[in-house]
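The structure appears below as structure tokens.
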Amino acid sequence: MNRFFKLFLLCICLPLVVNGAVHAKSKPVRILILSGNNNHDWKATTPFIQSVFAGNSQFAADVTERPDTLNARMLKSYHVIVSNWNAFPDQTGLWTDEAKQAVLDFMKKGGGFVCIHAASATHQDWREYLQITGGRWGDKTHHGAMHTFNVHICNPNHPVVKGMADFDIRDELWVDMECDPNVEVLCTAKAEEYRDLPDKTEPVALVTRYGKGRGFYLVLGHDTDVMKNEAWQTLLLRGTAWAKGVKS
């Protein structure tokens, strides 16, 4: 093949490749938000979370208020599950086996799972849920009053936080959260009660792997006032994009 013919083929094919890439990029990340119950104000936070996604053309989010009815057919058209749901203080026997298996199969095949704040405080009898979220409200977990504290980017090379600077946020800081040993922590904060222990920090953003899937847990996010924090929204969007496996 002479170089003139190669050049001709390049001129013909390059626009197709570019246009294809643009078209692929324009397809939104399909998100299913789990809601309908929470020991926090889910009736306010769920619409706010959905509005954060709606403000970015990279995402398209739907909501279900019956996550206990999930099945493989329902999840087929989605890339990422975002949970703003719990049944606290009830912790066991919450979903059907079909719903649990649908989530596990979704993750094993490469789906993403994003957990927000108290959405981890559930499913104590479901071992895989902790592996997916990476952390949860445990027997020793507690928090004080809402206050302003600094969030430290402790894993600056990870795509979710790359280029981000440490920031302040007013929230409730979970202390002594129970974590799966395989988590990768991205952001931490310092609890006042452990100020004399320089190496003791609390994870506030972390990532996991389950099968071919990815999990992102944003421990911050008590209410809509917290969610208005620009850095919080950046973490949510980047974490969700990373869970899908696309560049944020």
Side-chain angles (χ1 to χ4, degrees), residues 49 80-84 86 107 111-124 126-144 146-222 226-227 229-248:
I49 291 166
V80 181
I81 298 169
V82 174
S83 184
N84 190 41
N86 72 32
M107 293 295 293
F113 193 97
V114 174
C115 185
I116 298 175
H117 196 53
S120 73
T122 192
H123 296 308
Q124 292 285 344
W126 186 12
R127 177 178 55 86
E128 291 89 350
Y129 191 70
L130 177 59
Q131 296 174 349
I132 291 171
T133 63
R136 67 184 176 193
W137 185 271
D139 293 337
K140 298 180 180 179
T141 309
H142 56 284
H143 67 74
M146 297 279 287
H147 67 288
T148 300
F149 54 88
N150 183 257
V151 174
H152 172 59
I153 310 296
C154 64
N155 194 348
N157 292 322
H158 193 280
V160 172
V161 294
K162 192 176 183 67
M164 289 186 67
D166 294 357
F167 62 93
D168 291 337
I169 193 167
R170 187 179 186 278
D171 202 346
E172 57 181 29
L173 177 60
W174 283 19
V175 181
D176 294 331
M177 185 173 68
E178 180 183 352
C179 288
D180 184 85
N182 297 313
V183 300
E184 183 178 0
V185 178
L186 307 183
C187 304
T188 60
K190 186 71 177 176
E192 181 63 21
E193 66 187 85
Y194 290 125
R195 63 185 181 278
D196 296 329
L197 300 177
D199 295 329
K200 175 71 167 73
T201 57
E202 311 305 322
V204 296
L206 49 87
V207 292
T208 65
R209 303 270 185 165
Y210 186 86
K212 295 180 181 178
R214 297 174 172 183
F216 173 68
Y217 181 17
L218 183 53
V219 189
L220 306 170
H222 174 74
V226 176
M227 294 176 178
N229 183 289
E230 183 177 349
W232 187 92
Q233 295 185 20
T234 298
L235 286 173
L236 176 65
L237 295 175
R238 285 189 174 195
T240 303
W242 180 85
K244 162 58 174 65
V246 298
K247 185 178 180 181
S248 59

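Residues Ile116 and Met227 form a side-chain contact, since some pair of their non-hydrogen atoms from C-beta on lies under 4.5 Å apart. A 4.5 Å side-chain heavy-atom check between Glu178 and Asp139 finds every atom pair outside the cut-off. Contact check for Val80 versus Val114: side-chain heavy atoms found under the 4.5 Å cut-off. Residues Asp168 and Val151 fail the side-chain proximity criterion, which asks for heavy atoms closer than 4.5 Å. The closest side-chain heavy-atom distance from Val207 to Arg214 is not below 4.5 Å. Contact of the Val219 side chain with the Asp171 side chain is not registered, since no non-hydrogen atoms from C-beta on lie closer than 4.5 Å. Side-chain contact check for Trp242 versus His158: some heavy-atom pair is nearer than 4.5 Å. No side-chain heavy atom of Ile169 sits less than 4.5 Å from a side-chain heavy atom of Thr148.
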From CA spacing to verdict: side-chain contact (heavy atoms from CB on, under 4.5 Å), Val161, Leu235: CA-CA 7 Å; Val161 294; Leu235 286 173; 3.7 Å; yes
For the pair Ile132 and Met107, evaluate side-chain contact (heavy atoms from CB on, under 4.5 Å) and give the outcome as yes or no after the intermediate values. CA-CA 8 Å; Ile132 291 171; Met107 293 295 293; 4.0 Å; yes
Would Met164 and Thr234 count as a side-chain contact (heavy atoms from CB on, under 4.5 Å) here? Give the steps. CA-CA 9 Å; Met164 289 186 67; Thr234 298; 3.9 Å; yes
Check the pair Thr208, Tyr217 against side chain to side chain donor-acceptor pair (under 3.5 Å), reporting the backbone distance first and the verdict last. CA-CA 8 Å; Thr208 65; Tyr217 181 17; over 6 Å; no
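Nearest heavy atoms, Gly134 versus Val183: O-CG1, 3.0 Å. The two residues Asp196 and Pro198 have their closest heavy-atom pair at O-CD, 3.3 Å. Closest of all the heavy-atom pairs between Ser120 and Cys115 is N-SG, 3.4 Å. Among all heavy-atom pairs drawn from Leu220 and Trp232, the shortest one is O-NE1, 3.1 Å. For Pro203 against Thr201, the heavy-atom pair with the smallest separation is CD-O, 4.0 Å.
Asn86 places no side-chain N or O within donor-acceptor distance of the main-chain N or O of Thr122, the cut-off being under 3.5 Å.
With sequence neighbours left out, the salt bridge (charged side-chain N to carboxylate O under 4.0 Å, His left out) criterion links Arg127 to no other residue. Remark: Asn84 pairs with Thr45, Thr46 by the side chain to side chain donor-acceptor pair (under 3.5 Å) rule, at least two apart or across chains. Under the rule for a side chain to side chain donor-acceptor pair (under 3.5 Å), the partners of Lys200 that lie at least two apart in sequence or sit in another chain are Asp176, Glu202. Under the side chain to side chain contact (heavy atoms under 4.5 Å, CB included) criterion, His143 pairs with Trp137, Glu172, Trp174, not counting sequence neighbours. Among residues two or more places apart in sequence or in another chain, the side chain to side chain donor-acceptor pair (under 3.5 Å) test is passed with Thr133 by none. A search for ring pair (Phe, Tyr, Trp, His ring centres under 6.0 Å) contacts involving His147 returns Phe149, not counting sequence neighbours. In this view, His123 and Trp85, Trp95, Trp126, Tyr129 satisfy the ring pair (Phe, Tyr, Trp, His ring centres under 6.0 Å) rule, not counting sequence neighbours. Applying the salt bridge (charged side-chain N to carboxylate O under 4.0 Å, His left out) criterion to Glu184, with sequence neighbours excluded, gives no partner residue. Annotation: salt bridge (charged side-chain N to carboxylate O under 4.0 Å, His left out) contacts of Glu192 (sequence neighbours excluded): Arg195.
Summarising the geometry, atom OG1 belonging to Thr240 is positioned 9.5 Å from atom CD1 belonging to Ile49; distances are rounded to the nearest 0.5 Å. The line from CG of Leu218 to CG of Leu186 is 10.0 Å long, rounded to the nearest 0.5 Å. Put simply, CG on Asp180 and CD on Glu128 are 11.0 Å apart, with the number rounded to the nearest 0.5 Å.
A side-chain N or O of His152 and one of Asp166 form a donor-acceptor pair less than 3.5 Å apart.
Applying the salt bridge (charged side-chain N to carboxylate O under 4.0 Å, His left out) test to pairs two or more places apart or on separate chains, none has a residue in residues 150-159.
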